[in-house]
Number of protein chains: 2
Amino acid sequence: MKPELFKVTPACQAVTEILSRVGDKWTVLVVSYLGNGPMRFNELRRTVTGISQKMLTTTLRSLERDGFVLRTVYPGVPAKVEYQLTDLGCDLLVPVRGLSAWAIANEQRVKNARLQYDAAQNPECAQAAE
Amino acid sequence: MKPELFKVTPACQAVTEILSRVGDKWTVLVVSYLGNGPMRFNELRRTVTGISQKMLTTTLRSLERDGFVLRTVYPGVPAKVEYQLTDLGCDLLVPVRGLSAWAIANEQRVKNARLQYDAAQNPECAQAAE
DNA sequence: CCGTATCCTTGTCGATACTG
DNA sequence: CAGTATCGACAAGGATACGG
(Lines give C-alpha, C1' and ligand atoms only; values in the text may rest on other atoms or scores of the structure.)
Protein backbone atom coordinates (compact mmCIF):
# COMPACT_ATOMS: atom_id res chain seq x y z
CA MET A 1 0.00 0.00 0.00
CA LYS A 2 2.85 2.32 0.79
CA PRO A 3 4.12 3.72 -2.50
CA GLU A 4 7.73 3.36 -3.41
CA LEU A 5 10.21 5.86 -2.07
CA PHE A 6 9.72 9.29 -3.54
CA LYS A 7 12.79 11.45 -3.70
CA VAL A 8 11.82 15.08 -3.75
CA THR A 9 14.15 16.79 -6.15
CA PRO A 10 14.37 20.35 -7.46
CA ALA A 11 11.97 19.21 -10.18
CA CYS A 12 9.28 19.54 -7.55
CA GLN A 13 9.40 23.23 -8.16
CA ALA A 14 7.83 22.57 -11.54
CA VAL A 15 5.18 20.45 -9.91
CA THR A 16 4.30 23.10 -7.38
CA GLU A 17 4.12 25.68 -10.11
CA ILE A 18 1.77 23.65 -12.28
CA LEU A 19 -0.37 22.81 -9.30
CA SER A 20 -0.66 26.47 -8.42
CA ARG A 21 -1.65 27.42 -11.95
CA VAL A 22 -4.14 24.65 -12.25
CA GLY A 23 -5.37 25.00 -8.69
CA ASP A 24 -6.80 28.46 -9.04
CA LYS A 25 -10.49 29.15 -9.08
CA TRP A 26 -11.34 28.90 -12.78
CA THR A 27 -8.53 27.34 -14.82
CA VAL A 28 -9.64 23.73 -14.68
CA LEU A 29 -13.22 24.62 -15.39
CA VAL A 30 -12.34 26.70 -18.43
CA VAL A 31 -9.93 24.09 -19.76
CA SER A 32 -12.53 21.36 -19.26
CA TYR A 33 -15.18 23.21 -21.21
CA LEU A 34 -12.69 24.04 -23.91
CA GLY A 35 -12.00 20.33 -24.09
CA ASN A 36 -15.37 20.05 -25.81
CA GLY A 37 -14.23 22.23 -28.67
CA PRO A 38 -13.58 25.87 -29.55
CA MET A 39 -15.68 28.51 -27.86
CA ARG A 40 -16.12 32.26 -28.11
CA PHE A 41 -15.58 34.65 -25.25
CA ASN A 42 -19.13 35.35 -24.26
CA GLU A 43 -20.13 31.79 -24.92
CA LEU A 44 -17.55 30.76 -22.36
CA ARG A 45 -18.73 33.53 -20.07
CA ARG A 46 -22.26 32.20 -20.14
CA THR A 47 -21.16 28.60 -19.73
CA VAL A 48 -18.78 28.99 -16.85
CA THR A 49 -21.35 29.99 -14.28
CA GLY A 50 -20.32 32.66 -11.87
CA ILE A 51 -17.12 33.80 -13.54
CA SER A 52 -16.59 37.53 -13.91
CA GLN A 53 -15.46 39.09 -17.13
CA LYS A 54 -12.19 40.09 -15.56
CA MET A 55 -11.39 36.60 -14.33
CA LEU A 56 -12.29 35.01 -17.62
CA THR A 57 -9.96 37.36 -19.44
CA THR A 58 -7.21 36.81 -16.89
CA THR A 59 -7.60 33.05 -16.95
CA LEU A 60 -7.61 32.88 -20.74
CA ARG A 61 -4.57 35.13 -20.99
CA SER A 62 -2.61 32.95 -18.60
CA LEU A 63 -3.63 29.84 -20.46
CA GLU A 64 -2.66 31.43 -23.73
CA ARG A 65 0.69 32.52 -22.38
CA ASP A 66 1.46 29.06 -21.07
CA GLY A 67 0.58 27.55 -24.43
CA PHE A 68 -2.53 25.69 -23.32
CA VAL A 69 -4.99 27.76 -25.31
CA LEU A 70 -4.99 29.28 -28.76
CA ARG A 71 -6.72 32.62 -29.28
CA THR A 72 -8.00 33.41 -32.74
CA VAL A 73 -9.41 36.79 -33.69
CA TYR A 74 -11.83 37.06 -36.59
CA PRO A 75 -11.91 40.73 -37.56
CA GLY A 76 -15.29 42.29 -38.20
CA VAL A 77 -17.93 44.30 -36.44
CA PRO A 78 -18.47 43.31 -33.83
CA ALA A 79 -15.22 41.48 -33.19
CA LYS A 80 -15.27 37.71 -32.84
CA VAL A 81 -12.70 35.84 -30.81
CA GLU A 82 -12.43 32.11 -30.51
CA TYR A 83 -10.55 30.05 -27.96
CA GLN A 84 -9.46 26.46 -28.30
CA LEU A 85 -7.09 24.06 -26.62
CA THR A 86 -3.69 23.52 -28.14
CA ASP A 87 -2.04 20.11 -28.23
CA LEU A 88 -0.38 20.98 -24.95
CA GLY A 89 -3.76 21.91 -23.52
CA CYS A 90 -5.24 18.59 -24.56
CA ASP A 91 -2.27 16.81 -23.04
CA LEU A 92 -2.80 18.62 -19.77
CA LEU A 93 -6.37 17.46 -19.74
CA VAL A 94 -5.25 13.87 -19.23
CA PRO A 95 -3.64 14.11 -15.76
CA VAL A 96 -6.16 16.75 -14.76
CA ARG A 97 -8.96 14.36 -15.49
CA GLY A 98 -7.12 11.73 -13.49
CA LEU A 99 -7.28 13.99 -10.50
CA SER A 100 -10.86 14.92 -11.33
CA ALA A 101 -11.87 11.29 -11.35
CA TRP A 102 -10.18 10.79 -8.01
CA ALA A 103 -11.92 13.81 -6.55
CA ILE A 104 -15.33 12.63 -7.65
CA ALA A 105 -14.70 9.07 -6.50
CA ASN A 106 -13.37 10.08 -3.10
CA GLU A 107 -15.45 13.15 -2.32
CA GLN A 108 -17.44 11.29 0.30
CA ARG A 109 -14.42 9.84 2.08
CA VAL A 110 -13.05 13.34 2.55
CA LYS A 111 -16.39 14.68 3.73
CA ASN A 112 -16.71 11.85 6.22
CA ALA A 113 -13.21 12.46 7.51
CA ARG A 114 -14.07 16.10 8.06
CA LEU A 115 -17.27 15.34 9.90
CA GLN A 116 -15.43 12.90 12.11
CA TYR A 117 -12.61 15.35 12.80
CA ASP A 118 -14.95 18.21 13.57
CA ALA A 119 -17.03 16.04 15.84
CA ALA A 120 -13.92 14.97 17.73
CA GLN A 121 -12.91 18.58 18.24
CA ASN A 122 -16.32 19.65 19.53
CA PRO A 123 -17.38 16.72 21.71
CA GLU A 124 -20.81 18.19 22.43
CA CYS A 125 -20.09 21.63 23.78
CA ALA A 126 -21.07 23.32 20.58
CA GLN A 127 -22.47 26.35 22.34
CA ALA A 128 -18.91 27.72 22.42
CA ALA A 129 -20.28 31.21 22.82
CA GLU A 130 -17.41 33.55 23.35
CA MET B 1 -6.08 14.16 -30.38
CA LYS B 2 -9.18 15.91 -29.18
CA PRO B 3 -10.42 14.09 -26.08
CA GLU B 4 -13.94 12.77 -25.98
CA LEU B 5 -16.74 15.10 -25.01
CA PHE B 6 -16.54 16.15 -21.40
CA LYS B 7 -19.80 17.11 -19.78
CA VAL B 8 -19.21 19.43 -16.87
CA THR B 9 -21.59 18.42 -14.13
CA PRO B 10 -22.12 19.65 -10.58
CA ALA B 11 -19.52 17.05 -9.59
CA CYS B 12 -16.99 19.54 -10.86
CA GLN B 13 -17.46 21.36 -7.62
CA ALA B 14 -15.68 18.48 -5.90
CA VAL B 15 -12.91 18.68 -8.46
CA THR B 16 -12.42 22.38 -7.98
CA GLU B 17 -12.36 21.90 -4.24
CA ILE B 18 -9.72 19.18 -4.32
CA LEU B 19 -7.65 21.16 -6.77
CA SER B 20 -7.76 24.16 -4.47
CA ARG B 21 -6.71 22.14 -1.45
CA VAL B 22 -3.96 20.41 -3.30
CA GLY B 23 -2.93 23.50 -5.23
CA ASP B 24 -1.85 25.55 -2.26
CA LYS B 25 1.74 26.32 -1.54
CA TRP B 26 2.81 23.40 0.65
CA THR B 27 0.28 20.57 0.62
CA VAL B 28 1.73 18.52 -2.22
CA LEU B 29 5.25 18.91 -0.93
CA VAL B 30 4.33 17.77 2.56
CA VAL B 31 2.25 14.86 1.29
CA SER B 32 5.05 13.80 -1.03
CA TYR B 33 7.63 13.72 1.74
CA LEU B 34 5.21 11.90 3.99
CA GLY B 35 4.90 9.37 1.19
CA ASN B 36 8.36 8.18 2.20
CA GLY B 37 7.17 7.23 5.65
CA PRO B 38 6.22 8.77 9.00
CA MET B 39 7.97 11.95 10.05
CA ARG B 40 8.06 14.16 13.12
CA PHE B 41 7.13 17.80 13.16
CA ASN B 42 10.55 19.38 13.20
CA GLU B 43 11.93 16.74 10.92
CA LEU B 44 9.32 17.81 8.40
CA ARG B 45 10.09 21.44 9.13
CA ARG B 46 13.75 20.92 8.29
CA THR B 47 12.99 18.85 5.21
CA VAL B 48 10.42 21.09 3.59
CA THR B 49 12.75 23.94 2.86
CA GLY B 50 11.32 27.38 3.36
CA ILE B 51 8.14 26.49 5.17
CA SER B 52 7.27 28.47 8.26
CA GLN B 53 6.17 26.84 11.47
CA LYS B 54 2.74 28.33 11.11
CA MET B 55 2.21 27.05 7.60
CA LEU B 56 3.45 23.58 8.48
CA THR B 57 1.00 23.42 11.36
CA THR B 58 -1.82 24.77 9.20
CA THR B 59 -1.07 22.41 6.34
CA LEU B 60 -0.83 19.38 8.61
CA ARG B 61 -4.07 20.28 10.39
CA SER B 62 -5.94 20.57 7.10
CA LEU B 63 -4.53 17.29 5.90
CA GLU B 64 -5.48 15.66 9.16
CA ARG B 65 -8.99 17.04 9.03
CA ASP B 66 -9.48 15.81 5.49
CA GLY B 67 -8.30 12.37 6.48
CA PHE B 68 -5.09 12.37 4.47
CA VAL B 69 -2.72 12.37 7.41
CA LEU B 70 -2.70 10.64 10.78
CA ARG B 71 -1.26 12.49 13.75
CA THR B 72 0.11 10.43 16.59
CA VAL B 73 1.25 11.93 19.89
CA TYR B 74 3.78 10.08 22.01
CA PRO B 75 3.59 11.62 25.48
CA GLY B 76 6.85 12.38 27.22
CA VAL B 77 9.21 15.25 27.78
CA PRO B 78 9.73 16.71 25.38
CA ALA B 79 6.64 15.75 23.45
CA LYS B 80 6.96 13.70 20.29
CA VAL B 81 4.47 13.88 17.46
CA GLU B 82 4.54 11.77 14.37
CA TYR B 83 2.73 12.31 11.10
CA GLN B 84 2.00 9.69 8.49
CA LEU B 85 -0.21 9.25 5.47
CA THR B 86 -3.49 7.39 5.89
CA ASP B 87 -4.79 5.03 3.23
CA LEU B 88 -6.70 7.94 1.76
CA GLY B 89 -3.52 9.97 1.73
CA CYS B 90 -1.67 7.22 -0.13
CA ASP B 91 -4.53 7.01 -2.58
CA LEU B 92 -4.33 10.70 -3.24
CA LEU B 93 -0.67 10.34 -3.99
CA VAL B 94 -1.46 8.37 -7.14
CA PRO B 95 -3.25 11.04 -9.22
CA VAL B 96 -1.06 13.73 -7.71
CA ARG B 97 2.01 11.91 -8.97
CA GLY B 98 0.32 11.65 -12.32
CA LEU B 99 0.12 15.39 -12.49
CA SER B 100 3.63 15.67 -11.07
CA ALA B 101 4.99 13.46 -13.80
CA TRP B 102 3.21 15.55 -16.40
CA ALA B 103 4.58 18.76 -14.91
CA ILE B 104 8.14 17.47 -14.97
CA ALA B 105 7.79 16.07 -18.47
CA ASN B 106 6.23 19.21 -19.92
CA GLU B 107 7.96 21.92 -17.94
CA GLN B 108 10.02 22.94 -20.92
CA ARG B 109 7.07 23.13 -23.31
CA VAL B 110 5.36 25.56 -20.98
CA LYS B 111 8.50 27.62 -20.54
CA ASN B 112 8.99 27.81 -24.27
CA ALA B 113 5.39 28.87 -24.79
CA ARG B 114 5.88 31.65 -22.28
CA LEU B 115 9.06 32.89 -23.88
CA GLN B 116 7.37 32.90 -27.24
CA TYR B 117 4.29 34.71 -25.91
CA ASP B 118 6.32 37.30 -24.07
CA ALA B 119 8.51 37.87 -27.08
CA ALA B 120 5.44 38.41 -29.24
CA GLN B 121 4.11 40.97 -26.79
CA ASN B 122 7.39 42.87 -26.60
CA PRO B 123 8.52 42.93 -30.23
CA GLU B 124 12.12 43.94 -29.58
CA CYS B 125 12.15 46.29 -26.64
CA ALA B 126 13.40 43.51 -24.44
CA GLN B 127 15.93 45.57 -22.56
CA ALA B 128 13.38 45.36 -19.77
CA ALA B 129 15.51 47.06 -17.18
CA GLU B 130 14.07 45.87 -13.94
C1' DC C 1 -18.65 41.75 -28.78
C1' DC C 2 -14.34 41.78 -26.45
C1' DG C 3 -11.91 43.50 -23.74
C1' DT C 4 -8.99 47.07 -20.14
C1' DA C 5 -8.78 50.01 -15.89
C1' DT C 6 -9.89 50.93 -11.27
C1' DC C 7 -11.27 50.14 -6.67
C1' DC C 8 -12.21 47.29 -2.88
C1' DT C 9 -12.85 43.06 -0.16
C1' DT C 10 -11.07 38.80 1.19
C1' DG C 11 -7.90 35.09 1.78
C1' DT C 12 -3.13 33.38 1.98
C1' DC C 13 1.18 33.46 3.72
C1' DG C 14 5.18 34.83 6.55
C1' DA C 15 7.58 36.93 10.73
C1' DT C 16 7.61 37.21 15.37
C1' DA C 17 6.66 36.27 20.03
C1' DC C 18 5.00 33.34 23.52
C1' DT C 19 3.23 28.63 25.95
C1' DG C 20 3.09 23.59 27.66
C1' DC D 1 9.79 19.66 20.79
C1' DA D 2 5.47 21.06 19.18
C1' DG D 3 2.71 24.02 18.92
C1' DT D 4 -0.73 28.83 19.45
C1' DA D 5 -1.57 33.85 18.82
C1' DT D 6 -1.16 38.07 16.57
C1' DC D 7 0.03 41.26 13.06
C1' DG D 8 0.97 42.91 8.59
C1' DA D 9 2.25 42.32 3.58
C1' DC D 10 0.56 40.87 -0.51
C1' DA D 11 -2.09 38.53 -4.15
C1' DA D 12 -6.48 36.73 -5.81
C1' DG D 13 -10.89 37.65 -6.94
C1' DG D 14 -15.25 40.46 -7.76
C1' DA D 15 -17.98 44.85 -9.03
C1' DT D 16 -18.22 48.49 -11.77
C1' DA D 17 -17.22 51.69 -15.36
C1' DC D 18 -15.28 52.75 -19.63
C1' DG D 19 -12.89 52.03 -24.55
C1' DG D 20 -12.03 49.84 -29.37
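In what follows, chains are A, B, ... by sequence order, proteins preceding strands, each numbered from 1. Note that this is a predicted model, so its numbers are computed, not measured.
When DNA chain D is scanned 5' to 3' for any atom under 4.0 Å from a heavy atom of chain B, the first and last hits are D:dC1 to D:dC7.
No option in A:R114, A:R109, A:K111 other than A:R114 meets the side chain to side chain donor-acceptor pair (under 3.5 Å) test with B:D66.
At a threshold of 4.0 angstrom between heavy atoms, the contacts of B:R45 with the nucleic acid are absent. Counting non-hydrogen atoms under 4.0 angstrom, A:Y83 reaches the backbone sugars and phosphates but no base.
Side-chain contact between A:L70 and A:E64 is absent, with no heavy-atom pair separated by less than 4.5 Å. Looking at heavy atoms from C-beta onward, A:L85 lies in side-chain contact with A:V31 at the 4.5 angstrom threshold. Counting heavy atoms from C-beta outward, A:V110 and B:R21 have side chains that stay 4.5 Å or more apart. In this structure the side chain of A:L34 reaches within 4.5 angstrom of the side chain of A:L44, judged on heavy atoms. Between B:V94 and A:W102 there is no side-chain heavy-atom pair separated by less than 4.5 Å.
Atom CG in A:L44 sits about 14 Å away from atom C1' in C:dC1, given to the nearest Å. Atoms CZ (A:R71) and P (C:dC2) sit 10 Å apart, rounded to a whole Å.
The shortest distance between the side-chain N/O atoms of A:R40 and the OP1/OP2 oxygens of C:dC2 is below 4.0 Å. Residue A:R46 places no side-chain N or O under 4.0 Å from the OP1 or OP2 atom of C:dC2.
The backbone N or O of A:V15 lies less than 3.5 Å from no partner atom in the side chain of B:S100, so there is not a single donor-acceptor pair.
Listed here is the closest heavy atom pair of B:V69 and B:T86: C-CG2, 3.7 Å.
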Legend entry - Contact letters for nucleotides 13-20 of chain C, in which S counts primed atoms plus P, OP1 and OP2 and B counts the base, heavy atoms under 4.0 Å: BBB-B---
